[in-house]
Amino acid sequence: MGFLLMLAIGGLLPGGGAGDWFVDVTNAVLPGVEVTCGTAGRDWIMEVNGGGLALVDLNRDGHLDLVVVDGSTAKRVLEGEKGLPPRVFLGAEDGAFVRGGEAWEMAGDGWGTGCAVGDVDGDGWSDLVVTQWGQVRLFHNLQGAGFEERTAQAGLPQEGWHTSAAFLDFDGDGRQDLFLVRYLEFDFAVHKPRGEAGAQWKGQMVMAGPEGFLAQEDLLFRGLGNGRFEPAGLGASAPSTSEPGTETGQGEKTTQPRKPSARAGLGQAPAAFGLGVVTLDINQDGRLDLYVSNDSHPNHLWVAQEEGGFLEQAFEWGLGYGANGREQAGMGIACADLNGDGRPALLVTNFSGEPNALYLPARRKGAYRERSSRAGIGGASLTRLGWGTGFFDGDLDGELDAFVLNGHVYPEADGAGSDTTYGQQDHLYVGEGTGFSARPLISGQHFVSRAGVAGDLDGDGDQDLVVLTLDGGVRVLRNEAPRVGRALVVQLIAREGDRDAPGARLELICGEQRSTRLVSTAGGFQGSQPSAIHFAMPKDANSWFLKVFWPGGGTSEVLGRVSGEDNGRQLVRVEQGS
């Protein structure tokens, strides 16, 4: 059945926790983990975005481990001190975390922002890239025994504000390449803080940016297979994708779209205020593409070409602008096939006053339409400022749901007349066949949330959440949604390249239900998600059929019986060539 999306705009449920799907279990499983990103006054734009999170099984014991990327302060920078170090917390069977020992410790360096997980040397173990304002860092996984920093020989950039990152094999050589999203040029010694910069928002003095700053182009690096990288051309510098705008009374611009023409391999990518990235196969040709959310610029879609390289085609696909034809302030990205037809939908979180954008495939192949209002997402998100996001099947009913983490950039949002607040409720969008209904993620709770990642922390088959709050604690939210179906969790094991098979496509038929998923660890905002794929199976189904399309070619087919054992989760490992 098609995703018709005729649902009226969903309203938020009233306070109270009886209908909540998630329970905050932080004090029991990860107490006292604080992060820092500047000071509470938010005098500089550098203090706004927060750090990053990754959920990955680093030691291959079957439990997800957690990486927390911490930040710094202006005082530390100006006094020549290093930033706060990233930290590893190893997962246990009951969903709790314990601090990784000395072997997992990482030194502090620049101002940490995000991270990406991938096997950079093909040894079968997941390595870690940490993005920063400053040097991009590489940590080699010593076969589950700890990390060894190999930044010096990695060949990754030393300067710039790097936000999100994604691993992919764009040239088909079996080695993981790296795509880096970058934001803007910033220098504490040059730029002025709140109060001196003259920036205003709704009549109040606020920190300056991103308007008025120089945007940075995103970067693509080719992996050489030994933990080393070399620059690879991404695309030509394109003409501006909008005509010069006219200022409105609220300091915004109205723009008229213009078709870009950036071809890969001919130079640099067009500069933009980049924040989020996801890998996807937009045209189902077996090659991974890249979609980037940009703040106050049109979003970018880099489509892999048969002859090699990428072509920037966001305008042609209808993915560059909001429903009104204007650029938005994009933050995080979620990507998934919502109805089993193999064509991915994209959810982009945006600034307050702009609805989160839901891009759905149009009837005409090669085109998308923004449908957030008709889907029940637009109205509910209008007063919120969204960041981390992801699609997942929270109640295992076969309909994908979505989480969106919210929180403003201006503490001044708590002032009179702002129409919003600084701390905000996080959102859960419950999939209902023809759209979504919106409700609080946890009733009554307000945070300044940023990055967030979903994963099965306690091994019961459903997906829990880890959330990073700005200048506050890392929160763990356990999924307690009433289950409609059963969980089938698939872990792929590739024969060559990255063992987790990023880029593989899975198709599951179970009863009347058909689902497709793409293996990707990139998505959300400044984070990395687990490689395991979660499917829901109807309770009355007896068998399932799984087909795997491996990256680089080849397929595997598996026929299985439905089992409700193993704590409500049926775990299947599929090895390439078996």
Side-chain angles (χ1 to χ4, degrees), residues 37-38 42 44-54 69 71 111-116 129-133 136 160-166 178-186 207 209-211 213-220 234 241 269-280 290-302 312 314 319-322 327-335 346-352 354 356-357 359 381 384-390 404-410 448-453 468 470 522-529:
C37 187
R42 308 292 166 227
W44 317 81
I45 193 171
M46 193 70 232
E47 302 176 315
V48 165
N49 293 354
L53 296 172
V69 178
W111 193 304
T113 53
C115 55
V129 160
V130 173
T131 57
Q132 299 189 137
W133 176 59
V136 177
W161 185 344
H162 310 91
T163 52
S164 297
L178 182 65
F179 180 78
L180 295 172
V181 180
R182 304 204 298 171
Y183 195 41
L184 53 80
E185 294 185 17
F186 179 83
M207 62 84 188
E211 296 293 342
F213 287 73
L214 291 177
Q216 294 186 309
E217 72 277 3
D218 300 332
L219 302 174
L220 180 65
L234 180 61
T241 51
F273 302 131
L275 287 174
V277 62
V278 67
T279 54
L280 72 164
L290 292 154
Y291 185 61
V292 181
S293 57
N294 293 320
D295 184 359
S296 305
H297 282 92
N299 298 326
H300 289 158
L301 174 67
W302 293 99
E312 203 294 296
L319 292 169
Y321 298 85
E327 59 198 33
Q328 296 181 301
M331 310 297 177
I333 309 173
C335 178
L346 289 155
L347 174 62
V348 179
T349 58
N350 288 316
F351 201 83
S352 64
E354 301 173 346
N356 293 335
Y359 298 99
S381 64
R384 306 294 198 272
L385 199 164
W387 296 87
T389 183
V404 172
L405 307 175
N406 300 310
H408 218 280
V409 297
Y410 303 132
V448 186
S449 298
R450 291 298 187 258
V453 185
L468 185 145
L470 191 63
F525 171 74
Q526 294 186 169
S528 182
Q529 59 194 10

If I compare all heavy atoms of [X] with all of [Y], which pair ends up nearest, and what's the gap?
X	Y	answer
Glu211	Ser296	OE2-CB, 3.3 Å
Cys37	Gly50	SG-N, 3.6 Å
Tyr410	Met207	CE2-CE, 3.6 Å
Gly452	Leu405	CA-CD1, 3.4 Å
Ala357	Gln328	CB-OE1, 3.8 Å
Trp161	Gln216	N-OE1, 3.1 Å

Straight-line distance of [X] [atom1] to [Y] [atom2], nearest 0.5 Å:
X	Y	atom1	atom2	result
Thr389	Asn356	OG1	CG	7.5 Å
Leu347	Ile333	CG	CD1	9.5 Å
Leu301	Tyr359	CG	OH	11.0 Å
Leu319	Asn299	CG	CG	8.0 Å
Leu468	Arg450	CG	CZ	9.5 Å

Hey, what's the ring geometry for Phe186 with Phe213, parallel, tilted or perpendicular (30° and 60° as the breaks)? parallel
[X] side chain to [Y] main-chain N or O, any donor-acceptor pair under 3.5 Å?
X	Y	result
Trp387	Gly407	yes
Arg42	Val48	no
Thr349	Gly332	yes

Stepwise side-chain contact (heavy atoms from CB on, under 4.5 Å) check, Arg182 with Leu219: CA-CA 8 Å; Arg182 304 204 298 171; Leu219 302 174; 3.8 Å; yes
Only one of Val277, Asp218, Val292 clears side-chain contact (heavy atoms from CB on, under 4.5 Å) with Ser164; which? Val277
Please step through side-chain hydrogen bond (donor to acceptor under 3.5 Å, both in side chains) for the pair Thr131 and Thr113, ending with a clear verdict. CA-CA 6 Å; Thr131 57; Thr113 53; 2.9 Å; yes
Stepwise, does the side-chain contact (heavy atoms from CB on, under 4.5 Å) test hold for Arg384 with Phe351? CA-CA 7 Å; Arg384 306 294 198 272; Phe351 201 83; over 6 Å; no
Please step through side-chain contact (heavy atoms from CB on, under 4.5 Å) for the pair Trp111 and Glu47, ending with a clear verdict. CA-CA 10 Å; Trp111 193 304; Glu47 302 176 315; 4.1 Å; yes
For Ile45 and Leu184, what are the C-alpha separation, side-chain angles and deciding distance, and is it a side-chain contact (heavy atoms from CB on, under 4.5 Å)? CA-CA 10 Å; Ile45 193 171; Leu184 53 80; 4.0 Å; yes
